[in-house]
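Hydrogens, waters and symmetry mates play no part in the numbers below; they use all other heavy atoms, side chains included.
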Amino acid sequence: MDLQLQEKIIIVTGGSKGIGNGIVNVLSDEGAIPVIVGRNKEHVLNAVKIIEAKNRKAYYALAELTDPDQCKAAVNTVIQKFGRIDGLVNNAGINDGIGLEKGNYEDFITSINRNLTHYYLMAHYALTELKKSKGAIVNIGSKTSVTGQGGTSGYAAANGGRNALTREWAVELLPYQIRVNAVIVAECLTPLYERWLKTFPDPEKKRKEITSKIPLENRMTTIEEIANTVAFLLSPKSSHTTGQLLFVDGGYTHLDRTL
């Protein structure tokens, strides 16, 4: 299937690592020009270099996403370079373990800014160009927004906000034919997830314990499976899909785990 993404300019926050990097690579393979927005210059430049080594196109803008001015500057960098924006993938964030019992106000607000506020900022600053292109927004979210996890109030609240903003923006942007959807992730074997597994005395035992509860094929979701869905939602092939929360999780969130 031709996703018709050739030469489309698509911003991907946190695109140098993990799920974001998977999205960037799939988009570049589809002929799009992903623009990685992140704060670590070394990681960002390396991600761009790897794509260019495959004779694909990519670009970047450096930004600390908790800083509104840097978010605005990153978007302006893209506009100055390409003259348009065709899509936005809000992906950057981290499960930072800011809980209720052992947390505090300052850390909670920091977690919200780290995981939610820049979703709004990037969409706000990109909106003028997205109106022109009738582009699409995809927000990456987490199962914690609907299942809870324990000990991660900030991250869970931020992801609940991501879900709500997806629906809110889908409504608000209907007049401009801008589609807004979210891809919700459960158990995906990212480098960060692998590092977490290694904190257990027997990482392999812990991994098998988790995958045994994933109904479809008892395995983790791959980064590429997330990225493929994101690419589809950005493309004209999903032209009548908006306001949806798509759980790419092997049935982990909603199917009966006793299966």
Side-chain angles (χ1 to χ4, degrees), residues 3 5 8 10-15 18-24 26-27 32 34 37 65 71 85-95 111-127 130 134-149 152 154-174 176-188 190 193 221-255:
L3 294 181
L5 290 173
K8 298 295 185 182
I10 301 172
I11 295 174
V12 182
T13 64
I19 289 172
N21 189 243
I23 293 168
V24 164
V26 166
L27 290 174
V37 176
L65 291 167
C71 289
I85 298 170
D86 300 298
L88 167 66
V89 180
N90 280 316
N91 162 78
I94 185 171
N95 191 337
S111 182
I112 295 297
N113 286 331
R114 184 184 290 145
N115 289 297
L116 177 63
T117 309
H118 59 83
Y119 275 50
Y120 175 87
L121 291 170
M122 293 300 291
H124 177 70
Y125 293 129
L127 186 55
L130 289 171
K134 298 180 181 178
I137 299 172
V138 178
N139 296 321
I140 305 300
S142 163
K143 74 177 192 321
T144 58
S145 61
V146 295
T147 65
Q149 186 178 74
T152 189
Y155 186 67
N159 277 284
R162 294 174 185 179
N163 293 356
L165 288 179
T166 298
R167 293 261 161 82
E168 168 65 14
W169 295 346
V171 173
E172 183 174 341
L173 302 181
L174 285 172
Y176 309 111
Q177 298 178 48
I178 297 172
R179 298 177 300 102
V180 188
N181 294 286
V183 172
I184 312 302
V185 182
E187 307 304 313
C188 182
T190 64
Y193 198 108
T221 306
T222 68
I223 289 174
E224 187 176 21
E225 286 169 330
I226 302 294
N228 287 340
T229 303
V230 172
F232 172 72
L233 291 173
L234 289 166
S235 80
K237 293 296 184 180
S238 60
S239 56
H240 213 230
T241 301
T242 195
Q244 302 304 306
L245 311 180
L246 279 77
F247 289 76
V248 183
D249 66 355
Y252 183 89
T253 307
H254 293 104
L255 299 187

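- There is a side-chain donor-acceptor pair under 3.5 Å between R179 and S238.
- Annotation for F247 and T253: closest pair CD2-OG1, 3.7 Å, computed over non-hydrogen atoms.
- For the pair I112/T117, a side-chain contact is recorded, criterion being any heavy-atom separation below 4.5 Å from C-beta on.
- Contact check for L165 versus N90: no side-chain heavy atoms found under the 4.5 Å cut-off.
- Atom OG1 in T221 sits 10.5 Å away from atom OH in Y252 (nearest 0.5 Å).
- Residues L234 and G87 come closest through the heavy atom pair CD2-CA, 4.4 Å.
- L246 places a side-chain heavy atom less than 4.5 Å from the side chain of T229.
- Contact record, C188 with I226: SG-CG1, 4.2 Å, taken as the closest heavy-atom pair.
- To the nearest 0.5 Å, atom CD1 of residue I178 and atom CG of residue L173 are 5.0 Å apart.
- Side-chain atoms of T13 do not come within 3.5 Å of backbone N or O of V37 as any donor-acceptor pair.
- Atom CD1 of I23 is separated from atom CD of E224 by 12.0 Å, given to the nearest 0.5 angstrom.
- Put simply, the side chain of K8 does not reach to within 4.5 Å of the side chain of L27, judged on heavy atoms.
- With T144 contributing its side chain and Q149 its backbone, the two residues share no donor-acceptor pair below 3.5 Å.
- With contacts defined as side-chain heavy-atom distances shorter than 4.5 Å, the pair D249/V185 does not qualify.
- For the 3.5 Å distance criterion, the side chains of Y193 and E187 qualify, holding a donor opposite an acceptor.
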Review point. Taking it one step at a time, do V89 and I11 satisfy side-chain contact (heavy atoms from CB on, under 4.5 Å)?
Key: CA-CA 6 Å; V89 180; I11 295 174; over 6 Å; no
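- Side chain of N159 to backbone of S142: a donor-acceptor contact under 3.5 angstrom is found.
- Between Y120 and W169, the angle of the ring planes lies from 30° to 60°, which puts this pair in the tilted group.
- Looking at N95 and T152, their side chains do bring a donor and an acceptor atom within 3.5 Å of each other.
- In the model, T222 has a side-chain atom that pairs as donor or acceptor with a side-chain atom of E225 under 3.5 Å.
- Using a 4.5 Å cut-off on side-chain heavy atoms (C-beta onward), V138 and L88 make no contact.
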Practice item. Mind running side-chain contact (heavy atoms from CB on, under 4.5 Å) on M122 and L65 for me, showing each step along the way? Key: CA-CA 9 Å; M122 293 300 291; L65 291 167; 4.1 Å; yes
Exercise for review: Step by step, work out the side-chain contact (heavy atoms from CB on, under 4.5 Å) result for I184 and V248.
Suggested key: CA-CA 6 Å; I184 312 302; V248 183; over 6 Å; no
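- How far CG of L5 is from CD1 of I10: 5.0 Å, rounded to the nearest 0.5 Å.
- Contact detail for G22 and A227: the closest heavy-atom pair is O-CB, 3.4 Å.
- Proximity of Y119 to I140: side-chain heavy atoms (C-beta onward) are separated by under 4.5 Å at one or more points.
- A pairwise comparison of heavy atoms in R162 and A92 identifies NH2-O, 3.6 Å as the closest pair.
- For the pair N228 and V26, the minimum side-chain heavy-atom distance is below 4.5 Å.
- With rounding to the nearest 0.5 Å, the separation of CG in D86 from OG in S235 is 12.5 Å.
- Distance check: L3 CG to L233 CG gives 10.5 Å after rounding to the nearest 0.5 Å.
- Between N139 and the options N181, N163, T166, a side chain to side chain donor-acceptor pair (under 3.5 Å) holds for only T166.
- Taking both residues in full, the closest heavy atoms of T242 and A170 are given as OG1-CB, 3.6 Å, listed atom of the first, atom of the second, then distance.
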